[in-house]
Amino acid sequence: MKEFSSLKGFKDLLPGESERWEWVESIARTTFRAFGFSLIRTPILERTALFTRSIGETSDIVEKEMYTFKDWNGGNITLRPEGTASVVRAYLEKTSHTPILPAKFYYSGPMFRHERPQAGRLRQFHQLGAEIIGEIDPRQDVELLSLLHTFFKRLGVEGLTLELNSLGCPVCRPAYRTSLKTYLEEHLPTLCEDCQRRFMANPLRILDCKKKECRVITKKAPPPLDYLCQECSDHFKSVQKGLRKLNISFVIRPHLVRGLDYYTKTAFEITTTALGAQNAVAAGGRYDGLVAALGGPATPAIGFAIGMERLMQLVPPSPFQNLPLHLFLIPLGKMAGEYLFPVLYALRRKELRCEMGKENASLKSQMKRADRLGARFVLIVGEDEIDRGTTVLRDMATKEQINIEFTELTETILSNVGLRD
RNA sequence: GUGGGUGUAGCUCAAUGGUAGAGCACUGGUCUGUGGCUCCAGCGGUUGAGGGUUCGAGUCCCUUCACUCACCCCA
């Protein structure tokens, strides 16, 4: 058994839990559609270059977390570690000719990163994301955030905080970067080892370091907001104004940065205090440079991704867990079994959830089984019934039993049981 | 990759170094064709694995594996 156990960080989604996922996914579909997004499904495997180019050569994901293999023809392929790169690739490859901009996609599916598993972090995990490609208007930022807001509200998830920041753009970021490095350089020896390494590769990420010694220093570091160019500054103000108008609360977190290289301007995270260390339930931002970086025309875009496993921990129990049976058929003896089996088939074709017991098992044990499966009704057929040409339908809750003639069995059952969920 | 914690029945957990147990679950009976509740019985284990100390190890020591939390990273 053990030699076939599932891989570390790879989990089965089992009945009892899967019903909740289906429920969340159904809310997602109606909500995302209402906001004008269409489903896109991209392959799980992509060329490795797609991710190294989009996420960034020096990001941790690309450096040490990707599942990368050689394809049969020798090319490098990678199990996708995130969704945005593939969506942009598909947009450029297949749909950029349709001139209705912005293009609005949503996706849902597994992502893969080889990390050490812990609470809210798996090697195969699932993201639900949305992307708006081809529009720079700050209203798009607000739209996207209002979609997130609505979605979480419909799921009944409470206690979330929307954290907001702006990371600037290629016009203003270089100046900021220089100024930040100048500040950090003085304190370089007191920074943690990781941050000393980041100083060269990705100094912005030092702002996000949780270590005490670094926080003392970064607390007084200049935030990106102080260096925004006119355009970025106006954009950020418009986003905030838009959110206030929709009554969506948020906090500015000047030191919020993103781990992926492609982000510009608006960056955000939705956090909770209920998940321990992995406190980001959703995150995203603008990536106005990514489409061009992947070989397309300069095209602004914005998107987010929700961590499904993390979200599921916050979703209150839904009424859809463990779907109960409409009807359980109890045959007593071989004759009854042969009679009821086609009836089972006929009722299932009418979309009734039903199961049938074993004909040689006792009535008592079959009743017990019906009870455990949550059956609302039970249909009993034994020798007596076959002699009389009738069956017994029992309401499990009220214990009322009625006799039904063989000839009108299906119709009567359907009208009694109904198709209520 | 680095630390900490935990591994005993299907599940949740007991057992001063001295015969491996309880509750829940499961099967059956109590009730020979009527579920949940009660009571009774039954089923169930190489104590994660390997080695060592000891008359004797679930318990102490070493190794290893798994799970888990945190660092890291990120959704």
Side-chain angles (χ1 to χ4, degrees), chain A residues 1-3 5-9 11 55 58-66 80-84 107-129 148 192-195 197-198 202 205 208-212 214 256-260 263 268-272 275-285 303-314 325 328 330-333 336 357 361-386 392-401:
Chain A
M1 252 336 255
K2 212 170 177 184
E3 55 182 318
S5 64
S6 66
L7 292 168
K8 186 200 277 285
K11 282 253 160 56
I55 300 171
T58 60
S59 73
D60 287 84
I61 293 176
V62 168
E63 276 188 338
K64 49 192 185 196
E65 293 178 1
M66 295 205 304
R80 65 181 183 194
E82 60 104 37
T84 302
Y107 62 86
S108 171
M111 309 292 164
F112 304 84
R113 293 180 199 173
H114 188 100
E115 301 178 275
R116 192 84 164 254
Q118 75 184 68
R121 195 177 77 183
L122 294 167
R123 289 183 176 176
Q124 176 177 334
F125 61 104
H126 296 78
Q127 286 189 335
L128 176 60
L148 266 174
C192 74
E193 258 181 61
D194 290 319
C195 285
R197 191 170 44 79
R198 287 180 187 131
N202 195 352
R205 283 234 44 236
D208 208 29
C209 188
K210 288 176 200 154
K211 293 236 165 64
K212 269 182 247 134
C214 298
L256 185 148
V257 297
R258 311 268 64 226
L260 283 56
Y263 286 108
F268 55 86
E269 268 179 27
I270 295 194
T271 59
T272 171
L275 287 183
Q278 313 301 322
N279 64 347
V281 183
F304 67 74
I306 301 168
M308 277 295 281
E309 282 81 0
R310 293 179 189 180
L311 174 60
M312 291 314 297
Q313 292 190 298
L314 304 177
L325 238 43
F328 189 83
I330 298 185
L332 299 169
S362 70
L363 174 57
K364 183 187 170 67
S365 68
Q366 294 199 63
M367 283 296 290
K368 214 167 174 179
R369 186 173 165 80
D371 187 48
R372 275 189 321 196
L373 291 171
R376 269 195 280 268
F377 289 87
V378 149
L379 187 74
I380 303 166
V381 175
E383 282 172 27
D384 299 351
E385 285 74 21
I386 289 184
V392 174
L393 183 70
R394 177 184 176 88
D395 184 320
M396 290 295 270
T398 65
K399 295 185 176 187
E400 280 173 52
Q401 299 195 168

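Quick note on labels: first sequence line is chain A, next is B, and so on, each numbered from 1.
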message: Would the distance check show the side chain of A:Gln366 and the main-chain N or O of A:Ala361 forming a donor-acceptor pair, the cut-off being under 3.5 Å?
response: yes
query: Does any N or O in the side chain of A:Arg310 come within less than 3.5 Å of the main-chain N or O of A:Val281, such that one atom is a donor and the other an acceptor?
result: no
Nearest-angstrom distance from the residue atom [atom1] of [X] to [atom2] of [N]:
{"X": "A:Glu309", "N": "B:A75", "atom1": "CD", "atom2": "P", "answer": "14 Å"}
{"X": "A:Leu314", "N": "B:A75", "atom1": "CG", "atom2": "C1'", "answer": "12 Å"}
{"X": "A:Glu65", "N": "B:C74", "atom1": "CD", "atom2": "P", "answer": "7 Å"}
{"X": "A:Gln118", "N": "B:G4", "atom1": "CD", "atom2": "P", "answer": "16 Å"}
{"X": "A:Arg123", "N": "B:U68", "atom1": "CZ", "atom2": "P", "answer": "11 Å"}
{"X": "A:Glu115", "N": "B:C74", "atom1": "CD", "atom2": "P", "answer": "8 Å"}
{"X": "A:His114", "N": "B:G1", "atom1": "NE2", "atom2": "P", "answer": "7 Å"}
{"X": "A:Leu311", "N": "B:C74", "atom1": "CG", "atom2": "C1'", "answer": "16 Å"}

Please measure how far the [atom1] atom in [N] lies from the corresponding atom in [M], and state the result in whole Å.
{"N": "B:A20", "M": "B:A66", "atom1": "P", "result": "30 Å"}
{"N": "B:U27", "M": "B:G21", "atom1": "P", "result": "24 Å"}
{"N": "B:G48", "M": "B:G7", "atom1": "P", "result": "9 Å"}
{"N": "B:A22", "M": "B:A57", "atom1": "P", "result": "23 Å"}
{"N": "B:C60", "M": "B:G17", "atom1": "P", "result": "8 Å"}
{"N": "B:G35", "M": "B:G28", "atom1": "C1'", "result": "16 Å"}
{"N": "B:G3", "M": "B:C72", "atom1": "C1'", "result": "11 Å"}
{"N": "B:U53", "M": "B:A15", "atom1": "C1'", "result": "22 Å"}

field: Nearest atoms (heavy-atom pairs only) where A:Ala336 meets A:Ile386
entry: N-CD1, 3.6 Å
query: Where is the tightest heavy-atom contact between A:Glu269 and A:Ala283, given as atom of each residue plus distance?
result: CG-CB, 3.6 Å
To the nearest 0.5 angstrom, please state how far the [atom1] atom of [X] sits from the [atom2] atom of [Y].
{"X": "A:Leu325", "Y": "A:Arg369", "atom1": "CG", "atom2": "CZ", "value": "9.5 Å"}
{"X": "A:Ile380", "Y": "A:Glu385", "atom1": "CD1", "atom2": "CD", "value": "7.5 Å"}
{"X": "A:Leu332", "Y": "A:Asp384", "atom1": "CG", "atom2": "CG", "value": "9.0 Å"}
{"X": "A:Tyr107", "Y": "A:Thr84", "atom1": "OH", "atom2": "OG1", "value": "4.5 Å"}
{"X": "A:His126", "Y": "A:Ser108", "atom1": "NE2", "atom2": "OG", "value": "7.5 Å"}

For residues 118-125 of chain A, dump all side-chain donor-acceptor pairs below 3.5 Å to protein atoms at least two apart in sequence or in another chain.
residue, atom, partner, partner atom, Å
A:Arg121, NE, A:Arg116, O, 3.0
A:Arg121, NH2, A:Arg116, O, 2.3
A:Arg123, NE, A:Glu115, O, 2.7
A:Arg123, NH2, A:Glu115, O, 3.3

- prompt: Are OP1 or OP2 of B:G1 and a side-chain N or O of A:Lys64 less than 4.0 angstrom apart?
  reply: no
task: Have a look at A:Gly129 and say if it touches a base, only the backbone sugar-phosphate, or nothing, with a 4.0 Å heavy-atom cut-off.
output: nothing
query: Is A:Ala280 touching bases, backbone alone, or none of the nucleic acid, heavy atoms closer than 4.0 Å?
result: sugar-phosphate
message: Base of B:C72, side chain of A:Arg205 - is there a donor-acceptor contact under 3.5 Å?
response: no
message: Any N or O donor-acceptor pair under 3.5 Å from the base of B:C74 to the side chain of A:Gln127?
response: no
Closest to the A:Arg116 side chain, choosing from B:U2, B:C69, B:A75: B:U2
- request: Mark up nucleotides 27-36 of chain B, 5' to 3', with B wherever a protein heavy atom is under 4.0 angstrom from a base atom, S wherever such an atom reaches only the sugar-phosphate, and - elsewhere.
  value: S--B--BBBB
task: Check each of A:Met308, A:Glu309, A:Met111 against A:Gln127 using the side-chain contact (heavy atoms from CB on, under 4.5 Å) test, and report the only one that passes.
output: A:Met111
query: Under a 3.5 Å cut-off on both pairing distances, which runs of 3 or more consecutive Watson-Crick or G-U pairs involve RNA chain B?
result: B:1-7 with B:65-71, B:10-13 with B:21-24, B:26-29 with B:39-42, B:48-52 with B:60-64
- request: Hey, which sits more toward the 5' end of RNA chain B by its nearest nucleotide, A:Leu7 or A:Leu122?
  value: A:Leu7
